Amino acid sequence: MGDTPTRPSTSAEDYVKVIYDLQERGTGPVTISGMAERLSVSNSSVSGMLRKLSDTGLVEHQRYGAVSLTEPGTRVALAVLRRHRLLETYLVAELGYSWDEVHDEAEILEHVVSDKFVDRIAAHLGDPVVDPHGDPIPTREGDIVERESFLLAEAEQGTRGVIVRVNDTDPDLLRYLADIDIGIGMTVEVLKRQTFAGSLQIAVRPAEGAPERPQDLGLVAAEALWISPDAK
């Protein structure tokens with residue numbers, strides 16, 4: 001994973017990071033419209049940037065087809081994600097930021113800090129494998145700890161698991177989850193799916209030995225939470 005002098009442009013880094021993130025979350029093929037929505041730009045802007053990224057060997061894309069990263073593109077994306085997620089972790093652990101504040105700060109800093117600086121952060125924090133939102137942190141070599149997980153919104157009634165990841169792109173959603181005391185490491189069980197009401201009824205256990213409490217959760221929030229099967 002290269003250091004600052006050999007990095008692509010900020011725009012190129014943003015694009016390959018978004019492509020990787022969309023692939024990683026398993027929401028289906030990466031499309032121009034999906035990228036445009038995520039980046040808040042026009043479809044034509046995405047198309048133009050994809051042509052440039054294809055010319056530099058970072059992206060594979062055929063007209064009207066899905067977008068994918070090449071091996072070099074994947075390496076660039078993992079390097080950016082490593083910087084981003086370690087910065088988020090540092091801001092929460094050392095500077096007292098809340099989990100809804102760190103994404104935008106890290107978006108700026110990830111393009112200007114050196115990999116040496118980020119490696120120092122990793123060592124200082126004890127080489128964490130996930131960030132405050134449960135997103136996996138790539139190692140300097142580009143390795144990631146894989147965990148079995150699935151969206152809470154897709155869980156059937158009676159499913160039980162531990163929240164291991166939350167989508168970090170919407171600060172309002174993160175604040176909402178904090179307000180209703182739902183976060184990483186909590187055990188949840190789907191009590192009832194209320195499809196036509198657009199919500200789930202779940203039971204939440206904040207910590208081992210703590211009492212469970214019922215909670216209604218809208219599908220928008222449930223689609224931002226990943227759970228891992230309970231080991232019990």
Side-chain angles (χ1 to χ4, degrees), residues 1-89 102-119 122 129-131 133-151 165-171 223-224 226:
M1 300 171 97
D3 212 332
T4 308
T6 58
R7 289 180 190 171
S9 68
T10 295
S11 294
E13 287 191 335
D14 283 340
Y15 270 76
V16 296
K17 183 181 70 172
V18 165
I19 295 169
Y20 184 91
D21 191 53
L22 291 172
Q23 290 176 333
E24 182 189 28
R25 295 181 190 275
T27 53
V30 179
T31 63
I32 287 177
S33 59
M35 291 181 63
E37 181 180 0
R38 177 69 177 273
L39 291 161
S40 299
V41 298
S42 67
N43 284 12
S44 60
S45 294
V46 174
S47 296
M49 189 61 182
L50 287 177
R51 284 193 293 271
K52 294 179 182 178
L53 294 175
S54 181
D55 290 343
T56 58
L58 297 178
V59 164
E60 291 181 351
H61 175 245
Q62 294 182 349
R63 194 173 185 182
Y64 306 120
V67 182
S68 61
L69 294 174
T70 62
E71 185 177 339
T74 299
R75 288 199 301 270
V76 171
L78 288 169
V80 181
L81 286 171
R82 173 174 167 79
R83 298 195 299 269
H84 182 98
R85 294 172 180 176
L86 279 169
L87 285 164
E88 288 191 335
T89 306
V102 292
H103 180 76
D104 289 343
E105 292 280 14
E107 284 283 296
I108 298 169
L109 294 170
E110 69 190 28
H111 300 297
V112 296
V113 297
S114 69
D115 289 334
K116 180 180 180 180
F117 179 80
V118 171
D119 288 342
V129 295
V130 294
D131 72 8
H133 310 103
D135 292 325
I137 299 174
T139 65
R140 184 167 176 80
E141 294 72 34
D143 298 323
I144 284 181
V145 176
E146 300 287 350
R147 292 182 299 179
E148 180 186 358
S149 63
F150 52 90
L151 284 173
R165 192 174 188 183
V166 60
N167 191 334
D168 67 350
T169 58
D170 187 345
E223 287 171 352
W226 280 259

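These numbers were taken from a predicted model, which means no experiment stands behind them. In what follows, residues are counted from 1 in the order of the sequence shown.
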A.B. asks: Using a strict cut-off of less than 4.0 Å between a Lys/Arg side-chain nitrogen and an Asp/Glu carboxylate oxygen, indicate whether Arg83 and Glu88 qualify as a salt bridge.
C.D. replies: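 Between Glu88 and Arg83 there is no salt bridge, as every charged N stays at least 4.0 Å from the carboxylate O atoms.
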
A.B. asks: Consider side chain to side chain contact (heavy atoms under 4.5 Å, CB included). Of Leu69, Leu50, Leu53, Thr74, which one does Leu58 pass it with?
C.D. replies: Leu53

A.B. asks: Do you know which two heavy atoms are closest between Ser33 and Asn43, and how far apart they sit?
C.D. replies: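 Smallest interatomic distance, heavy atoms only, reads CA-OD1, 3.8 Å.
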
A.B. asks: Kindly give the heavy-atom pair with the smallest separation between Pro138 and Arg82, and that separation in Å.
C.D. replies: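 Looking at all heavy atoms of both residues, the shortest contact is O-NH1, 3.0 Å.
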
A.B. asks: Check whether the side chains of His133 and Asn167 place a donor and an acceptor atom closer than 3.5 Å, and report yes or no.
C.D. replies: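 There is no such pair (donor and acceptor under 3.5 Å, judged by atom type) between the side chains of His133 and Asn167.
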
A.B. asks: So, are Arg165 and Asp131 salt-bridged, with charged N and O less than 4.0 Å apart?
C.D. replies: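 Not counted as a salt bridge, because no side-chain N and carboxylate O are separated by less than 4.0 Å.
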
A.B. asks: Which distance, rounded to the nearest 0.5 Å, do you find between the CD of Glu37 and the CG of Leu22?
C.D. replies: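 These two atoms lie 9.5 Å from each other.
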
A.B. asks: Can you measure from CG (Leu109) to CZ (Phe117) and round to the nearest 0.5 angstrom?
C.D. replies: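 So the CG of Leu109 and the CZ of Phe117 are separated by 8.0 Å.
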
A.B. asks: So Asp14 and Thr10, side chain to side chain contact (heavy atoms under 4.5 Å, CB included) or not? Walk me through it.
C.D. replies: CA-CA 6 Å; Asp14 283 340; Thr10 295; 3.9 Å; yes

A.B. asks: Compare every heavy atom of Pro29 with every heavy atom of Ala66, then report the nearest pair and how far apart it is.
C.D. replies: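 Here Ala66 and Pro29 meet closest at CB-CB, 3.9 Å.
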
A.B. asks: Minimum heavy-atom separation for Pro136 to Ile144, with atom names?
C.D. replies: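 So the two residues come closest at CB-CG2, 3.5 Å.
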
A.B. asks: The test is side chain to side chain contact (heavy atoms under 4.5 Å, CB included); show your working for Val59 and Tyr15 and say whether it passes.
C.D. replies: CA-CA 10 Å; Val59 164; Tyr15 270 76; over 6 Å; no

A.B. asks: Salt bridge or not between Glu107 and Lys17? Use side-chain N to carboxylate O under 4.0 Å.
C.D. replies: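 Lys17 and Glu107: salt-bridged.
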
A.B. asks: Ignoring hydrogens and geometry beyond distance, is a side-chain donor-acceptor pair present between Ser9 and Ser11 at under 3.5 Å?
C.D. replies: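 Their side chains do not contain a donor-acceptor pair, so the 3.5 Å distance test is not met.
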
A.B. asks: Do you know the tightest heavy-atom contact between Val112 and Arg7?
C.D. replies: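 Closest approach of Val112 to Arg7, heavy atoms only: N-NH1, 4.3 Å.
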
A.B. asks: Looking at CE of Met49 and CD1 of Ile32, how far apart are the two atoms once the value is rounded to the nearest 0.5 Å?
C.D. replies: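 Output value for this atom pair is 13.5 Å.
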
A.B. asks: Identify whether the distance between the nearest side-chain nitrogen and carboxylate oxygen of Arg85 and Asp21 falls below 4.0 Å.
C.D. replies: yes

A.B. asks: Can you check side chain to side chain contact (heavy atoms under 4.5 Å, CB included) on Ser68 and Gln23, steps first, answer last?
C.D. replies: CA-CA 8 Å; Ser68 61; Gln23 290 176 333; 3.8 Å; yes

A.B. asks: For Ser47 and Ser44, which I'm curious about, is there any donor-acceptor pair between the side chains at under 3.5 Å?
C.D. replies: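 Result is no, nothing qualifies.
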
A.B. asks: Work out which heavy atom in Thr89 is nearest to a heavy atom in Ile137; give both atom names and the distance.
C.D. replies: OG1-CD1, 3.8 Å

A.B. asks: I need the Ile19 CD1 to Met35 CE distance, nearest 0.5 Å.
C.D. replies: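 Going from the CD1 atom of Ile19 to the CE atom of Met35 covers 4.0 Å.
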
A.B. asks: Could you tell me if the side chain of Thr169 sits less than 4.5 Å from the side chain of Arg38, heavy atoms only?
C.D. replies: yes

A.B. asks: As a quick check of understanding, evaluate side chain to side chain contact (heavy atoms under 4.5 Å, CB included) for Tyr20 and Leu81, giving each step before the final call.
C.D. replies: CA-CA 9 Å; Tyr20 184 91; Leu81 286 171; 3.2 Å; yes

A.B. asks: Check whether Ser54 reaches the backbone of Glu60 with its side chain - one donor and one acceptor, N or O, closer than 3.5 Å.
C.D. replies: no

A.B. asks: Under a 4.5 Å cut-off applied to non-hydrogen side-chain atoms, are Val130 and Arg147 in contact?
C.D. replies: yes

A.B. asks: His84 versus Asp168: any side-chain heavy-atom pair under 4.5 Å?
C.D. replies: yes

